[in-house]
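This report refers to the structure that appears directly beneath it.
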Amino acid sequence: MITVHHLNNSRSQRILWALEELNIPYEIKRYERDSVTQLAPASLKEVHPLGKSPVITDSNGDITVAESGAIIEYLIGTYGQGNFIPAIGSEEHRQYVYWMHFSEGTLMQQLLLKIIFDKVKTDPMPFFIKPIAKGISDKVMSDYVGPNIKNNLDYIESHLSESTWFAGESISGADFQMSFPLEACVAGDVAGSNYPNIKAYVKRVHARAEYQSALTSGGPYDYA
Ligand SMILES: N[C@@H](CCC(=O)N[C@@H](CS)C(=O)NCC(=O)O)C(=O)O
């Protein structure tokens with residue numbers, strides 16, 4: 001049995017979606033973010049030393065897998081029966097590998113920088129520091145993070161004008177992996193009206209019965 005160590009409002013929602021699509025039975029162990037810091041509870045470190053979510057355990061072999069992309073690859077490789085991954089050597093497979101890595105390796109990095117620099121402006125601090133912190137944050141956002149996010153979203157928008165799913169016309173693990181940053185961008189209005197293909201894609205994901213089942217089992221989620 002697969003156990004998903006599920007943190008509320010987190011990347012583990014996409015693992016629940018993957019499990020529903022793959023039709024793999026699973027159970028959920030729930031963890032709640034600290035209401036002030038938004039960090040995961042220390043108990044997650046008992047499952048994996050980094051204490052992040054998602055992490056899964058598979059009782060069939062006493063296996064623990066952390067890191068969304070590795071979990072998705074594990075589930076598809078172990079239980080997918082050849083589904084949700086394009087044939088190796090095909091252009092679709094190259095796209096699959098690319099977007100599987102791009103999600104955390106490129107896009108999430110920039111989105112996290114945005115969260116951090118937005119937080120720098122709003123966190124409590126002595127009044128005389130505030131203008132300096134705001135100045136630094138605005139500069140980093142306007143010169144580096146903002147243009148990078150736009151560049152990434154423009155690229156994704158163009159890719160999605162050419163195919164229904166990230167690796168062609170069939171849904172794949174790359175879609176599970178890309179779903180989280182894109183639904184966060186749409187919910188947080190980072191991807192505004194300039195990105196109709198991204199918005200339509202997220203709608204397409206959310207409309208799937210398997211996605212809805214994952215939402216029901218995962219509990220409250222801010223990005224759907
Ligand atoms: N690249 C990792 C990121 C894992 C990660 O940072 N997860 C967040 C939730 S979205 C987390 O556990 N945050 C709580 C914390 O940092 O304490 C993955 O995709 O699995």
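These numbers were taken from a predicted model, which means no experiment stands behind them. In each ligand, atom 1 is the first atom listed, and ligand 1 is the first ligand listed.
- Looking at residues two or more places apart in sequence or on another chain, you find a side-chain contact (heavy atoms from CB on, under 4.5 Å) between His159 and Gln95, Trp99, Ser163, Phe166.
- If you number the atoms of ligand 1 from 1 as listed, the ones under 4.0 Å from a heavy atom of Ser10 come out as 9 (C), 10 (S).
- Taking the six-membered ring where tryptophan is involved, the planes of Phe180 and Tyr221 are tilted, since the angle between them lies from 30° to 60°.
- Numbered from 1 in the order shown, with element, the atoms of ligand 1 that lie under 4.0 Å from a heavy atom of Glu67 read 1 (N), 2 (C), 18 (C), 19 (O), 20 (O).
- Closest to atom 4 (C) of ligand 1, if we only count protein heavy atoms, is Ser53 O, 3.6 Å.
- Counting heavy atoms from C-beta on, the side chains of Ile198 and Leu153 come closer than 4.5 Å.
- Under 4.0 Å from ligand 1, not a single heavy atom of Met108 appears.
- Taking only nitrogen or oxygen atoms, main chain and side chain alike, Glu104 reaches within less than 3.5 Å of ligand 1.
- None of Tyr211, Phe84, Tyr26 except one satisfies the ring pair (Phe, Tyr, Trp, His ring centres under 6.0 Å) rule with Trp17; the exception is Tyr211.
- Hydrophobic clustering (ILVMFWY, side-chain heavy atoms < 4.5 Å, transitive): Leu39 and Leu112 are in distinct clusters.
- Using a 4.0 Å cut-off between heavy atoms, Leu7 contacts ligand 1 through its side chain alone, with no backbone atom that close.
- For atom 11 (C) of ligand 1, the candidate residues are Lys52, His48, Gln13; the nearest heavy-atom contact is made by Lys52.
- Residue contact check: Arg14 has heavy atoms under 4.0 Å from atoms 19 (O) of ligand 1.
- With atom 3 (C) of ligand 1 as the reference point, the heavy atom nearest to it among Gln177, Arg33, Arg11, His5 is part of Arg11.
- For ligand 1, the atoms sitting less than 4.0 Å from at least one non-hydrogen atom of Leu39 are 15 (C), 16 (O), 17 (O), numbered in the order shown with element in parentheses.
- Using a 4.0 Å cut-off between charged side-chain N and carboxylate O, Arg208 and Glu21 make a salt bridge.
- What sits closest to atom 14 (C) of ligand 1 on the protein, heavy atoms only, is Ala40 N, 3.5 Å.
- Distances below 4.0 Å separate heavy atoms of Ser68 from the following atoms of ligand 1: 18 (C), 19 (O), 20 (O).
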Check step by step if salt bridge (charged side-chain N to carboxylate O under 4.0 Å, His left out) holds for Glu210 and Arg14. CA-CA 11 Å; Glu210 294 82 359; Arg14 65 184 161 193; over 6 Å; no
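- For the side-chain contact (heavy atoms from CB on, under 4.5 Å) test, residues two or more places apart in sequence or in another chain that qualify with Lys150 are Asp154, Tyr195.
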